[in-house]
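Quick notes on the structure that follows.
For ligands, and for the atoms within them, numbers begin at 1 and follow the listed sequence. What you are looking at is a predicted structure, and each value in this text was computed from that prediction instead of being measured. Position 1 is the first residue of the sequence, and the numbers go up from there.
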Amino acid sequence: MAVINDVLDISKIEAGKLVLESLHFDLQQVMARAVAQVAERAQAKGLAIQVEAPPKLDSHLLGDPTRLTQALLNYLSNAVKFTERGKITLRTLFQDQDEDSVTVRFEVLDSGVGIEAQAIDQIFSAFQQADNSTTRKFGGTGLGLAITRELARLMGGESGVSSEIGKGSTFWFSARLKRGSGCAPLLQSV
Ligand code: ADP
């Protein structure tokens, strides 16, 4: 099912037919929900998942929580898949804000296998994996990162990764999200 959904999503994106919803949602809840979906797999491997958010986070925003969760999950599932020991961190930072919207940066840090420098430019393309043995060793289709990159773009943001082989990776994306009604000014930004 997951593979079929990914293929459908990438086709929709490539046809320019993926439209994001605009709903009120709580950013902390979205983060918690995404983490909950990988918690069991992480626990089975003995990996801790840490969540870091600004202390005075007012997280009532307007956007597409389902697609945001999907974008986060693609990074989190990979972090669990490609990490054997250590921990995974989901970090949220406010990059920028104005009256109506905030730009949020999401980072998923892992202490896993890392990615070779020459593969980094390709892995965000559809159906690309870092090396030819990835499917045999870990499964997967090579669509998750392409989908997250496109979702970030549709949310007015960008995406990227920094990685060191054998040490781990930090995948990030940003999203410009409208503020929900009745929000206090955000206190924390980077
Ligand atoms: P899939 O995980 O289905 O192969 P993705 O598009 O999510 O597809 O990832 C593409 C490739 O990028 C993976 O096959 C893997 O080679 C590499 N990759 C993604 N996330 C990580 C990570 N956290 N650590 C190491 N390699 C990763």
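The shortest N or O to N or O distance between Leu145 and ligand 1 is under 3.5 Å. Residue Lys81 has at least one nitrogen or oxygen atom sitting less than 3.5 Å from a nitrogen or oxygen atom of ligand 1, judged on distance alone. At a 3.5 angstrom cut-off on N or O pairs, Val113 does not count as close to ligand 1.
The option with the heavy atom closest to atom 4 (O) of ligand 1, from among Gln129, Gln122, Glu116, is Gln129. Looking at Phe82, Tyr75, Phe124 and measuring to atom 15 (C) of ligand 1, the nearest heavy atom belongs to Phe82. Residue Asn78 holds the heavy atom nearest to atom 19 (C) of ligand 1 of all those in Asn78, Asp6, Leu143.
Between Tyr75 and Phe171, the ring planes are tilted. Angles from 30° to 60° get that label.
Salt-bridge annotation for Arg105 and Glu107: present, with a side-chain N of the basic residue lying under 4.0 Å from a carboxylate O of the acidic one. Classification of Asp9 and Arg67 as a salt-bridged pair holds, one side-chain N sitting under 4.0 Å from a carboxylate O. Taking 4.0 Å as the cut-off between side-chain N and carboxylate O, Glu84 and Lys45 count as a salt-bridged pair.
With rounding to the nearest 0.5 angstrom, the CZ atom of Phe25 is 5.0 Å from the CG atom of Leu68. Atoms CD and CD, on Gln122 and Glu116 in that order, are 11.5 Å from each other to the nearest 0.5 Å.
Contacts between Phe171 and ligand 1 below 4.0 angstrom, taking non-hydrogen atoms only, involve the side chain exclusively. Residue Ala130 touches ligand 1 through backbone and side chain together, judged by heavy-atom distances below 4.0 Å. At a 4.0 Å heavy-atom cut-off, ligand 1 touches Asp110 through the side chain alone.
For the pair Gly142 and ligand 1, a heavy-atom separation below 4.0 Å is found. Contact analysis puts Ile115 in contact with ligand 1, with a non-hydrogen atom separation below 4.0 angstrom.
For the residue pair Arg33/Thr69, the side-chain donor-acceptor check at 3.5 Å is not satisfied. Between the side chains of Ser101 and Asp98, at least one donor N or O sits under 3.5 Å from an acceptor N or O.
Within ligand 1, the atoms closer than 4.0 Å to a non-hydrogen atom of Ser169 are 24 (N), numbered from 1 in the order shown.
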